[in-house]
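By convention in this document, chain letters (A, B, ...) are assigned in the order of the sequence lines, proteins followed by strands, and residues within each chain are numbered from 1.
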Protein chains: 2
Amino acid sequence: ETHVIVIGNEKGGSGKTTAAMHLIVSLMKAGYEVGALDLDIRQKSLSRYLENRVKWAIQNEVDQAALPVPLILPPPFSKLDSREQAYAAETKGFQDILMKFARCDFLVIDCPGADTHLSRLAHAHADTIVTPMNDSFVDFDLLARIDSQTGEIEGPSLYAEMVWEARQTRARAGIMGGIDWVVMRNRMGAVNANNKKRVGKMLDQLSKRIGFRLSKGFGERVIYRELFPMGLTLLDLGAEGVPKSMTSMSHVTARFEIRTFLASLNLPDKRG
Amino acid sequence: ETHVIVIGNEKGGSGKTTAAMHLIVSLMKAGYEVGALDLDIRQKSLSRYLENRVKWAIQNEVDQAALPVPLILPPPFSKLDSREQAYAAETKGFQDILMKFARCDFLVIDCPGADTHLSRLAHAHADTIVTPMNDSFVDFDLLARIDSQTGEIEGPSLYAEMVWEARQTRARAGIMGGIDWVVMRNRMGAVNANNKKRVGKMLDQLSKRIGFRLSKGFGERVIYRELFPMGLTLLDLGAEGVPKSMTSMSHVTARFEIRTFLASLNLPDKRG
Ligand SMILES: Nc1ncnc2c1ncn2[C@@H]1O[C@H](COP(=O)(O)OP(=O)(O)OP(=O)(O)O)[C@@H](O)[C@H]1O
Ligand SMILES: Nc1ncnc2c1ncn2[C@@H]1O[C@H](COP(=O)(O)OP(=O)(O)OP(=O)(O)O)[C@@H](O)[C@H]1O
Ligand SMILES: [Mg+2]
Ligand SMILES: [Mg+2]
């Protein structure tokens, strides 16, 4: 039974594609069969990242063992004029494509920074939702509104409502098992500034109210973005035929962040 | 004649709302009449930032002179079912709303991280387009595709095409004067890392090809985001009734970045 991990956050640039890529590589390196689905129809950043990977491996004659690639399939996007017909086509197409991923242990779905029908379908089919977010009240505003006078949480906001509706849809469809919703702080500053503490405090309060838990996150580090043109991640460095990692503190700490993040997802051990 | 400044980048989280807010406050502090239009219909981050400002000023009994607010009007969004009718309504509504901003020296328009009809209308009406971007090839990918083998620019990508089409629309409508397209690097790391140099080099090449110029940008600094809940920016600190700025290096440098960015926009002097 494929475990579906949806990387979602309606807020743009929160780190979804970055988290998706590092999660995909981590899972492959752990020996799993991994599927990938890019629902960002327009920007296709994850697809581009994986395209770069395949091209780089070919040009540098690095084989599949050293630089594994997930099974990636085109998203069931419908261009039909009538919204009702397009949605019906996408809903059916989504079921079909899940079948094609059946041999994968894990399927990682990268969502766009927007509210789309495909993104909602993915959220309703998720076993785990990972929501990366910047350490910022601008990003927080898409999870919940804060009363500027009292500093208290007023209520859930757009993206929290999307997850709630996904949980409703899942329950109505009679699917067993709830969604494990994990919020991951991304691009964190090195210093434990007041802003970081305040955001952390509000996240702790909010997690109890709207049903997510906090995982370990990623710091703001160039290594998380500088290998995109080659389709590589830090975890690929040092593999046969691939350049070695620098022995910098940032690289060492990043490896620790990625490993800790994966562990905190409490994914099922599929090798048993 | 109102000078229209559009803050645009289809890439999410590139810093549009942050740039928009700091530009609005800079212009008001310089004594200009400023209008604001938030085209992010769903997330409304700029509207929220300005709402927070008004609430905070009321609660802390700070007057309009110390904490000025721009003229902000609701966007001409159409919910009509037929796309053709909705677009026609928005096109007409956009002309109408420009009239209402006629007494402003500058109108700052914040666009969403998506391709919407309203965003395209704004781009076609822009005198200046400011495109913030992260120091990242992931963000670069929305301006142009890079051949991973040669490292050469292959051609313009989605957002560059949107600006090109805006310039075409403007030319066909017989509007005098071209669009000054300014790309601003945002969230830059303190260190001049290899990645930063490579992105800079590609931006220099690309600017000549697709017709933009590079302005001075903002570093990655908590001060650019931590005052969102109060609706304040660094430039407001120290005004009558408003908390003082810390005398930290980051605040001093941020003030310099904001002033330099404004100057580099070469905006017309409207006080003559
Ligand atoms: N931990 C990090 N350290 C440094 N840079 C990062 C980190 N996470 C993300 N970035 C950079 O931040 C930008 C946004 O990240 P990313 O594209 O992964 O977000 P996204 O949520 O997928 O965006 P979108 O909503 O556009 O799909 C990119 O330029 C990326 O390279
Ligand atoms: N120079 C900066 N330093 C520190 N944080 C920043 C800076 N610029 C932007 N941010 C933070 O990065 C995140 C994205 O910025 P912002 O919301 O302004 O981008 P945007 O392009 O308007 O996003 P969207 O596409 O969702 O509208 C926010 O959390 C913001 O607070
Ligand atoms: Mg993405
Ligand atoms: Mg914005």
Step by step, would you call Val163(B) with Phe212(B) a side chain to side chain contact (heavy atoms under 4.5 Å, CB included)? CA-CA 10 Å; Val163(B) 175; Phe212(B) 63 78; over 6 Å; no
Across chain B and chain A, what donor-acceptor pairs are shorter than 3.5 angstrom?
from: Glu10(B); atom 1: O; to: Gln43(A); atom 2: NE2; distance (Å): 2.9
from: Glu10(B); atom 1: OE1; to: Arg42(A); atom 2: NE; distance (Å): 3.3
from: Glu10(B); atom 1: OE1; to: Arg42(A); atom 2: NH2; distance (Å): 2.9
from: Glu10(B); atom 1: OE2; to: Arg42(A); atom 2: NE; distance (Å): 2.4
from: Gly12(B); atom 1: O; to: Gly13(A); atom 2: N; distance (Å): 3.4
from: Gly13(B); atom 1: N; to: Gly12(A); atom 2: O; distance (Å): 3.4
from: Arg42(B); atom 1: NE; to: Glu10(A); atom 2: OE1; distance (Å): 3.3
from: Arg42(B); atom 1: NE; to: Glu10(A); atom 2: OE2; distance (Å): 2.3
from: Arg42(B); atom 1: NH2; to: Glu10(A); atom 2: OE1; distance (Å): 2.9
from: Arg42(B); atom 1: NH2; to: Asp115(A); atom 2: OD2; distance (Å): 3.4
from: Gln43(B); atom 1: NE2; to: Glu10(A); atom 2: O; distance (Å): 2.9
from: Arg48(B); atom 1: NE; to: Asp141(A); atom 2: OD1; distance (Å): 3.1
from: Arg48(B); atom 1: NE; to: Asp141(A); atom 2: OD2; distance (Å): 2.8
from: Arg48(B); atom 1: NH2; to: Asp141(A); atom 2: OD1; distance (Å): 2.7
from: Asp115(B); atom 1: OD2; to: Arg42(A); atom 2: NH2; distance (Å): 3.4
from: Asn134(B); atom 1: OD1; to: Arg187(A); atom 2: NH1; distance (Å): 3.1
from: Asn134(B); atom 1: OD1; to: Arg187(A); atom 2: NH2; distance (Å): 3.3
from: Asp135(B); atom 1: O; to: Arg225(A); atom 2: NE; distance (Å): 3.0
from: Asp141(B); atom 1: OD1; to: Arg48(A); atom 2: NE; distance (Å): 3.1
from: Asp141(B); atom 1: OD1; to: Arg48(A); atom 2: NH2; distance (Å): 2.7
from: Asp141(B); atom 1: OD2; to: Arg48(A); atom 2: NE; distance (Å): 2.8
from: Arg187(B); atom 1: NH1; to: Asn134(A); atom 2: OD1; distance (Å): 3.1
from: Arg187(B); atom 1: NH2; to: Asn134(A); atom 2: OD1; distance (Å): 3.3
from: Arg225(B); atom 1: NE; to: Asp135(A); atom 2: O; distance (Å): 3.0

What verdict does the side chain to side chain contact (heavy atoms under 4.5 Å, CB included) test give for Leu118(A) and Ile41(A), after you've listed the backbone C-alpha separation in whole Å, the side-chain angles of each residue and the deciding distance to 0.1 Å? CA-CA 10 Å; Leu118(A) 280 174; Ile41(A) 306 297; 4.0 Å; yes
When rounded to the nearest 0.5 Å, the distance separating CD1 of Ile7(B) from CE of Met21(B) is 12.5 Å
Side chain to side chain contact (heavy atoms under 4.5 Å, CB included), that's the test. Do Leu143(A) and Leu203(A) meet it? Break it down for me. CA-CA 9 Å; Leu143(A) 286 180; Leu203(A) 281 174; 4.2 Å; yes
Hey, which of Gly15(A), Gly113(A), Gly12(A) has the most heavy atom pairs under 4.5 Å with chain B? Gly12(A)
Would you sort out whether Leu235(B) and Ile258(B) count as a side chain to side chain contact (heavy atoms under 4.5 Å, CB included), showing the intermediate values? CA-CA 9 Å; Leu235(B) 300 178; Ile258(B) 296 165; 3.8 Å; yes
So CD1 of Ile24(B) and CD1 of Ile72(B): to nearest 0.5 Å the spacing works out to 7.0 Å
How far does CG of Leu46(A) sit from CG of Leu39(A), to the nearest 0.5 angstrom? 10.0 Å
One option among Val191(A), Leu142(A), Val222(A), Ile146(A) has the most heavy-atom pairs under 4.5 Å with chain B, and it is Leu142(A)
Under 4.5 Å from any heavy atom of chain B, what part of Phe137(A) do you find: side chain, backbone, both or neither? both
